[in-house]
Amino acid sequence: MLDLRFIRENPEFVKAALVKLNTTARIDEILAGDIERRELLSKVENLRAERNAVSKEIGRMQDAATRDQRIAAMRQVGEQIEGIEKRLAEVEINLQQRLLEVPNMPHPAVPVGQNDSENRIVRTVGEIPKFDFPIRPHWEIGEQLGIIDFERGTKLSGSRFYVLYGLGARLERALINWMLEVHIQQGYQEVWVPFMVKAESMVGTGNLPKFGENLYHDAEEDYWFIPTAEVPMTNLYRDEILEPGKLPIYHVAYTPCFRREKMSAGKDVRGIKRGHQFDKVEMVKFVEPQYGDQELSSLLDDAEEIARQLKLPYRIVEMCTGDLSFVAARKFDIEVWGAGSGEWLEVSSCSLFTDFQARRANIRYRPEPGARPEYVYTLNGSGLALPRVVISILENYQQPDGTVRIPDVLQPFMGVDKIGG
RNA sequence: GGAGGGGUCGCAUAGCUCGGUCUAGUGCGCCCGUCUCGAAAACGGGUAGGGUAACACCCUCGUGGGUUCAAAUCCCACCCCCUCCGCCA
């Protein structure tokens, strides 16, 4: 959520940004609502002040006649207040809803562009491997090695679900453990969080009200399944004021992630690239505003470390304005190479949200003892999303004899140096 | 799911029976001052968040409604915590 005062004072700037973001929001409606709200507020506050003062007098009053007269007068004032309050509530609800629909403003460094075709490739790291034998996609490798079972996954849960066996399951677990270890070494505190949250938490991170169609939720109770650990981790400090010295806070968590993906039915149906449930290790940061930029680059570096140590070829892509997510001011993706399908696979998004989420979730900090609270800056980045890392390992590390070599850093966690054979 | 108890200004508590004297008392913690060579103690003062140009005024005593001229206090619904029972990995 943007600061209403910022919109009021810079409406043209906000509108220009929306054009760059290739989106729309009802700014004029917000401006009108803001004016009406402030008018109504000052009226109703004056009336309330009068009623408060006179009511206090009534309590001390001896003379019955004037007392009754005042009570009658205040009854009228009360009716006026009620009328204005009713209108005010409507105006405020509308204003709040419009405000929640306005995306974050892009960072000045973000390249301007219409859509993902204008994203900027920042750098490419590692060599794309060459093979002197016919290479196969991961779904063939996985089935042939007996470590991925699509049929039974579908039997259990429907399309886009699968089962891992043996060293396939172990690879998944090894990756989770190893990734957590790496990030803990980098200074992140591990947390374990609920996988279902209240709607309020989803609003805090920006998933609701706009993107509810991508989420699973319980029909009877107010439980929403997290699409990423970012949601519970960011909401840890919702409605809190962090005292001086608490920042920066770095957290890392492993969670499963649940996504409806209904927008992309028919796309990426083969293999494990896009499922309704997947594992992810995620980092979040809470920092003071002046460190936003440097914290974003170190976050990206911390996430890249995973791809580097796995020796997977990867590239960094910066989102242009037209491809920026609703809440992000700036965002870099990490994409690893999938040799079998010959494509880059998105395994991480590292984003700076400035104070956008913090304002929604009401997460503040006190810069100095006794100082007024300010909104924190939040950041998050995947480190990394599991299934696509598994794809990249299976496809890049496949051998002519049909086996798959295990990356060096994972061997202690796997207990073997290859799958199959 | 059932029965009972409870959610108050950082922490601990008072207030709710009988609505106005609550601009929410007290203790602890913290900050400032007096005293002191300095400190402790003692004493005095201050100590939430939001709206706002504002130490004016308004809002917030779990949340949301209601009654009333006036609600921490009365009524209704919901949420959370504790104790006991039931169920359960």
Side-chain angles (χ1 to χ4, degrees), chain A residues 1-10 30-100 192-204 208 217-224 232 235-247 256 355-376:
Chain A
M1 183 161 67
L2 296 183
D3 186 358
L4 179 55
R5 189 182 302 176
F6 178 79
I7 298 178
R8 182 192 304 150
E9 288 167 4
N10 309 281
I30 289 171
L31 294 170
D34 177 44
I35 289 169
E36 187 175 3
R37 175 179 167 272
R38 284 187 292 155
E39 275 171 8
L40 292 170
L41 209 52
S42 82
K43 264 190 213 166
V44 80
E45 284 191 1
N46 286 333
L47 290 171
R48 281 203 281 239
E50 184 188 350
R51 184 177 63 181
N52 287 349
V54 174
S55 290
K56 206 164 286 177
E57 279 177 37
I58 290 171
R60 295 191 232 100
M61 222 167 252
Q62 301 301 317
D63 183 73
T66 47
R67 187 188 151 98
D68 289 346
Q69 186 197 334
R70 290 293 168 82
I71 288 177
M74 284 312 102
R75 187 173 295 145
Q76 287 214 323
V77 171
E79 279 164 16
Q80 283 183 57
I81 290 173
E82 204 175 336
I84 298 171
E85 277 177 343
K86 205 176 154 204
R87 175 65 193 148
L88 185 62
E90 290 169 8
V91 170
E92 282 187 331
I93 287 169
N94 187 54
L95 185 61
Q96 189 65 17
Q97 282 174 346
R98 295 294 85 80
L99 219 41
L100 286 175
W192 185 91
V193 291
F195 304 155
M196 298 186 287
V197 299
K198 300 195 285 185
E200 210 180 333
S201 297
M202 288 293 185
V203 173
L208 287 177
H217 68 108
D218 182 277
E220 290 181 16
E221 315 225 27
D222 183 28
Y223 289 136
W224 295 75
N235 279 283
L236 283 173
Y237 303 104
R238 175 153 53 81
D239 295 321
E240 290 192 28
I241 298 172
L242 303 164
E243 292 305 322
K246 290 275 186 200
L247 297 180
D355 57 0
F356 190 86
Q357 285 182 328
R359 187 170 282 112
R360 283 176 163 248
N362 194 27
I363 306 169
R364 292 172 295 170
Y365 76 106
R366 215 181 286 285
E368 303 290 336
R372 280 204 148 205
E374 311 252 359
Y375 290 107
V376 303

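In the text below, chain A, chain B and the rest are named by the order of the sequence lines, each starting its count at 1.
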Does a side-chain N or O from [X] land closer than 4.0 Å to OP1 or OP2 of [N], or not?
X: A/N52; N: B/C57; result: no
X: A/R51; N: B/A70; result: yes
X: A/R366; N: B/G49; result: yes

Please report the distance separating the [atom1] of [N] from the corresponding atom of [M], rounded so that it comes out in whole Å.
N: B/U34; M: B/G38; atom1: P; answer: 10 Å
N: B/A14; M: B/G66; atom1: C1'; answer: 28 Å
N: B/G6; M: B/U26; atom1: P; answer: 25 Å
N: B/G10; M: B/G49; atom1: C1'; answer: 13 Å
N: B/A24; M: B/G19; atom1: C1'; answer: 15 Å
N: B/A89; M: B/C82; atom1: P; answer: 22 Å
N: B/U73; M: B/U68; atom1: P; answer: 16 Å
N: B/C69; M: B/A12; atom1: C1'; answer: 37 Å

Identified pairing partner of [N], criterion: Watson-Crick or G-U wobble below 3.5 Å:
N: B/A14; value: none
N: B/G33; value: B/C43
N: B/G1; value: B/C85
N: B/C74; value: B/G66
N: B/C61; value: none
N: B/A24; value: none
N: B/A56; value: none

Regarding [X], tell me which of base, sugar-phosphate or nothing describes its non-hydrogen contacts under 4.0 Å with the strands shown.
X: A/R372; result: base
X: A/N46; result: nothing
X: A/R364; result: sugar-phosphate
X: A/R70; result: nothing

**Asked** Quick one: CG on A/L95 to CD1 on A/I35, what's the gap to the nearest 0.5 Å?
**Response**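 The CG atom of A/L95 sits 11.0 Å away from the CD1 atom of A/I35.
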
**Message:** What I want to check is whether an N or O donor and acceptor connect the side chain of A/R67 with the base of B/G20 at under 3.5 Å.
**Reply:**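 Donor-acceptor pair under 3.5 Å: yes.
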
Heavy-atom side-chain proximity of [X] to [Y] below 4.5 angstrom:
X: A/E36; Y: A/R87; result: yes
X: A/I241; Y: A/E243; result: yes
X: A/Q97; Y: A/L100; result: no
X: A/Q357; Y: A/I363; result: no

Separation of [N] [atom2] from [X] [atom1] (nearest whole Å):
X: A/N362; N: B/U60; atom1: CG; atom2: P; answer: 18 Å
X: A/R48; N: B/U52; atom1: CZ; atom2: P; answer: 15 Å
X: A/E45; N: B/A54; atom1: CD; atom2: P; answer: 13 Å
X: A/R60; N: B/C69; atom1: CZ; atom2: C1'; answer: 14 Å
X: A/I71; N: B/U67; atom1: CD1; atom2: C1'; answer: 15 Å
X: A/R37; N: B/C58; atom1: CZ; atom2: P; answer: 17 Å
X: A/L242; N: B/G10; atom1: CG; atom2: P; answer: 16 Å
X: A/E57; N: B/U21; atom1: CD; atom2: C1'; answer: 15 Å

Atom pairs under 3.5 Å: protein N/O with N/O of nucleotides 72-82 of chain B:
none

**Residue whose nearest RNA chain B nucleotide is more 5′ - A/I58 or A/P373** =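 Closer to the 5' end of RNA chain B: A/P373.
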
**Message:** Go nucleotide by nucleotide along RNA chain B from the 5' end; which of A/G78 and A/A49 gets its closest nucleotide reached first?
**Reply:**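 Whichever sits nearer the 5' end wins; that is A/A49.
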
**Prompt:** Taking the side chain of A/I241 as heavy atoms from C-beta outward, which of B/G49, B/U52, B/U23 is closest to it?
**Reply:**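 Nearest to the side chain of A/I241 among the choices is B/G49.
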
**Item:** Minimum heavy-atom distance A/W224-A/K198, with the two atoms named
**Value:**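 Shortest heavy-atom contact: CD1-C, 4.1 Å.
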
**Message:** With salt bridge (Lys or Arg N to Asp or Glu O under 4.0 Å) as the criterion, how do A/R38 and A/D34 come out once you've worked through the C-alpha distance, each side chain's angles and the decisive distance to 0.1 Å?
**Reply:** CA-CA 6 Å; A/R38 284 187 292 155; A/D34 177 44; 3.4 Å; yes

**Message:** Are there over 12 heavy-atom neighbours, none belonging to A/E9, within less than 6.0 Å of that residue's CD?
**Reply:**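 Check passes, neighbour count above 12.
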
**Message:** Does atom OH (A/Y223) have a neighbourhood of more than 12 heavy atoms from anything else shown, all under 6.0 Å?
**Reply:**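 Count not over threshold, so no.
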
**Request:** Indicate whether any N or O donor in one side chain lies under 3.5 Å from an N or O acceptor in the other, for A/R48 and A/N52.
**Result:**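 Not at all, the side chains of A/R48 and A/N52 share no donor-acceptor pair under 3.5 Å.
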
